[in-house]
Amino acid sequence: GNLRLVVERPDLYSVSINGNYIEKEDGEWWLDRSFGVFQIKKFVKAGENIVSLIADPMSVYCELEPVYLLGDFNVMALSQGWLIGNGEEMETGSWKEQDYPFYSGVMDYTASVVLENRGMTKIVLPDWSGTVAAVYVNGKKVGQIFSSPGELRIDKFVKRGDNDISVSVFGSLKNVLGPHHNVKSIGIVTPWSFKYAPEIQPSGLEYDLFDYGLMDPFQIVVSK
């Protein structure tokens with residue numbers, strides 16, 4: 001698919017993949033304007049791929065950050081690190097358990113609901129995890145859920161008969177940017193959080209990752 005490579009401050013390096021020199025896309029960036037984007041889909045292959053960054057001359061500004069991959073794929077935990085695979089259709093449940101542990105965006109969950117009577121109507125999220133959940137009724141955003149109890153009144157927006165109801169669960173950048181190792185205080189991140197790392201890359205199952213997703217289907221509750 002549309003596989004892309006992201007390098008912070010790419011102008012400091014000569015970047016290649018599998019021996020092929022690549023140039024960043026003009027005007028394209030990710031998260032921050034200093035994160036350059038490279039199209040690499042025609043240079044990758046099944047199996048091992050080598051990304052090389054060469055600084056010549058070396059500069060004090062070459063504080064190498066992780067190199068990121070963007071695209072339509074999932075990642076499966078190995079005994080050491082990760083394996084990139086083809087993206088699969090998502091279902092209700094943990095993103096991490098469905099091999100999307102680093103995904104930081106939005107997942108949409110949609111259902112068609114038939115209402116025979118109108119009354120006090122609310123949407124209930126029995127079990128979910130994310131930074132916020134946006135609620136849409138018949139294509140219109142009607143509110144958001146971000147704390148307990150996970151519910152929102154929607155009776156002003158529903159109608160008798162068919163209703164299309166959607167919940168968009170938002171993740172966060174924690175799983176993308178880390179820290180992924182030696183986490184001692186959840187929610188507190190400083191430069192020291194990245195100072196120490198395992199001598200050998202551990203299994204993907206040992207990475208510190210938040211568990212996002214709509215774990216159970218949302219419910220529509222109508223009362224008189």
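Judged by distance alone, the side chains of D211 and S129 never bring a donor and an acceptor atom under 3.5 Å apart.
Counting heavy atoms of neighbouring residues, nucleotides and ligands inside a 6.0 Å radius, atom OH of Y21 exceeds 12 of them. The local environment of NZ in K45 is crowded, with over 12 non-hydrogen atoms from other residues, nucleotides or ligands closer than 6.0 Å. By the neighbour-count criterion of 12 heavy atoms within 6.0 Å, atom CD of E25 is densely surrounded, having more than that number from other residues, nucleotides or ligands. Within a 6.0 Å sphere centred on CG of D32, other residues, nucleotides and ligands contribute more than 12 heavy atoms.
Closest heavy-atom contact between C62 and M58: CB-CE, 3.8 Å. A pairwise comparison of heavy atoms in Q219 and P126 identifies NE2-CG, 3.6 Å as the closest pair. Contact between S172 and S104 at its shortest, heavy atoms only, is O-CB, 3.1 Å. Nearest heavy-atom pair across D108 and S166 is CB-OG, 4.3 Å. Of all heavy-atom pairs between S168 and Y136, the closest is OG-CE1, 3.6 Å. Nearest heavy atom pair, residue P179 against residue V189, reads CD-CG2, 3.8 Å.
You'll find the side chain of L125 reaches within 4.5 Å of the side chain of I145, heavy atoms only. Annotation: side chain of T121 is not in contact with side chain of V221 (no heavy-atom distance under 4.5 Å). In this structure, I165 and I220 have side chains that are in contact, with non-hydrogen atoms separated by less than 4.5 Å. Contact annotation: the side chain of L69 approaches that of L5 to within less than 4.5 Å [non-hydrogen atoms, C-beta and beyond]. The shortest side-chain heavy-atom distance between W29 and V6 does not fall under the 4.5 Å cut-off. Looking only at side-chain heavy atoms (C-beta outward), F43 and N49 stay at 4.5 Å or farther from each other. When side chains are defined from C-beta on, K159 counts as touching N138, because their heavy atoms get closer than 4.5 Å. Considering only heavy atoms from C-beta on, L3 stays 4.5 Å or farther from L70 through its side chain.
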Q: Check the pair K174 / D208 against salt bridge (Lys or Arg N to Asp or Glu O under 4.0 Å), numbers first and verdict last.
A: CA-CA 9 Å; K174 192 279 179 189; D208 187 82; 2.6 Å; yes

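Applying the ring-ring contact (aromatic ring centres under 6.0 Å, His included) test between W95 and each of F102, Y100, Y103 identifies Y103 as the sole match.
When ring centroids are compared, W82 and Y207 come within the 6.0 Å threshold.
Taking hydrophobic clusters as Ile, Leu, Val, Met, Phe, Trp and Tyr residues chained together by side-chain heavy-atom distances below 4.5 Å, V142 shares a cluster with V222.
Because its NZ or CZ atom is not both nearer than 6.0 Å to the ring centre of F38 and within 45° of the ring axis, K24 does not count as a cation-pi partner of that residue.
Using cut-offs of 30° and 60° on the angle between ring planes, the pair Y68 and F35 is tilted.
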